[in-house]
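Report on one structure; see the data block that follows.
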Amino acid sequence: TLSAVASKWTKDDRLIVDQGDSLVLAVRWDAQGAQTIEARNVFGASADPASPHFTDQITLRRERRYRPVSLVPAEIIRAAARRYHPGTR
């Protein structure tokens with residue numbers, strides 16, 4: 001399964017997700033060995049409700065889609081929203 005979750009019923013008869021995946025990665029190889037990597041965080045990439053990344057991946061989950069992932073440094077840098085070095089401001 002690409003999305004394993006456990007649900008439970010609430011006292012007011014709502015079914016809610018109680019636990020499950022947080023990061024889902026899918027890797028495919030074609031006949032020539034080229035790989036395609038896709039991923040999504042189940043909710044978002046931030047625990048801060050004020051962040052634009054708090055729920056930015058819910059649409060992907062709802063639509064059963066993923067975002068492309070690259071392991072090529074030049075592609076990662078080109079796609080980065082910002083760059084920083086840990087330990088500096």
Side-chain angles (χ1 to χ4, degrees):
T1 180
L2 290 179
S3 185
V5 298
S7 303
K8 69 178 181 181
W9 290 100
T10 64
K11 291 178 182 179
D12 60 349
D13 284 335
R14 291 183 304 134
L15 186 63
I16 62 169
V17 173
D18 184 49
Q19 56 186 310
D21 298 335
S22 59
L23 173 65
V24 179
L25 288 165
V27 181
R28 290 186 291 248
W29 287 267
D30 66 17
Q32 290 73 41
Q35 68 182 14
T36 301
I37 307 171
E38 297 175 311
R40 73 172 175 238
N41 293 339
V42 173
F43 299 104
S46 174
D48 178 3
S51 169
H53 303 293
F54 184 65
T55 58
D56 65 347
Q57 297 194 36
I58 287 177
T59 300
L60 291 175
R61 166 125 172 110
R62 183 178 60 242
E63 296 174 358
R64 297 181 178 170
R65 294 184 304 117
Y66 294 83
R67 60 182 167 77
V69 174
S70 176
L71 299 179
V72 177
E75 291 176 7
I76 295 168
I77 290 168
R78 188 172 41 254
R82 73 179 174 129
R83 295 173 57 191
Y84 66 97
H85 186 280
T88 63
R89 292 183 182 232

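This one's a predicted model, so the numbers in the text were calculated from it and none came from an experiment. The basis for the numbers below is simple: all heavy atoms, side chains too, and nothing from hydrogens, waters or symmetry mates.
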Query raised in the report: Okay, side chain of Arg40, backbone of Val24: is any donor-acceptor separation there less than 3.5 Å?
Result: no
Query raised in the report: Got a sec, which residues hit salt bridge (charged side-chain N to carboxylate O under 4.0 Å, His left out) with Arg62, two or more places apart in sequence or on another chain?
Result: none
Identify every side-chain donor-acceptor pair in residues 25-35 under 3.5 Å, counting partners at least two apart or on other chains, and give the distances.
{"unit_1": "Arg28", "atom_1": "NH2", "unit_2": "Glu38", "atom_2": "OE1", "d": "2.9"}
{"unit_1": "Trp29", "atom_1": "NE1", "unit_2": "Gln35", "atom_2": "OE1", "d": "3.4"}
{"unit_1": "Asp30", "atom_1": "OD1", "unit_2": "Gln32", "atom_2": "N", "d": "2.9"}
{"unit_1": "Asp30", "atom_1": "OD1", "unit_2": "Gly33", "atom_2": "N", "d": "3.0"}
{"unit_1": "Asp30", "atom_1": "OD1", "unit_2": "Ala34", "atom_2": "N", "d": "2.9"}

**Report entry** Transitive ILVMFWY cluster of Leu15, excluding itself - 4.5 Å side-chain cut-off
**Finding:** Trp9
Query raised in the report: Among all residues two or more places apart in sequence or in another chain, which pass the side chain to side chain contact (heavy atoms under 4.5 Å, CB included) test with Ile77?
Result: Arg83
**Report entry** With Lys8 via salt bridge (charged side-chain N to carboxylate O under 4.0 Å, His left out) - residues at least two apart
**Finding:** Asp18
**Report entry** salt bridge (charged side-chain N to carboxylate O under 4.0 Å, His left out) partners of Arg67, counting only residues at least two apart
**Finding:** none
Report task. Go through the structure and list residues passing side chain to side chain donor-acceptor pair (under 3.5 Å) with Arg64, not counting sequence neighbours. Result -> none
Requested in this report: Sequence neighbours left out, what passes side chain to side chain contact (heavy atoms under 4.5 Å, CB included) with Ser51? Give chain and number order.
Outcome: Ser46, Asp48, His53
Query raised in the report: Can you list every pair that meets side chain to side chain donor-acceptor pair (under 3.5 Å) and has a residue in residues 68-81, with sequence neighbours left out?
Result: Ser70-Glu75
**Report entry** Set of side chain to side chain contact (heavy atoms under 4.5 Å, CB included) partners for Asp13, sequence neighbours left out
**Finding:** none
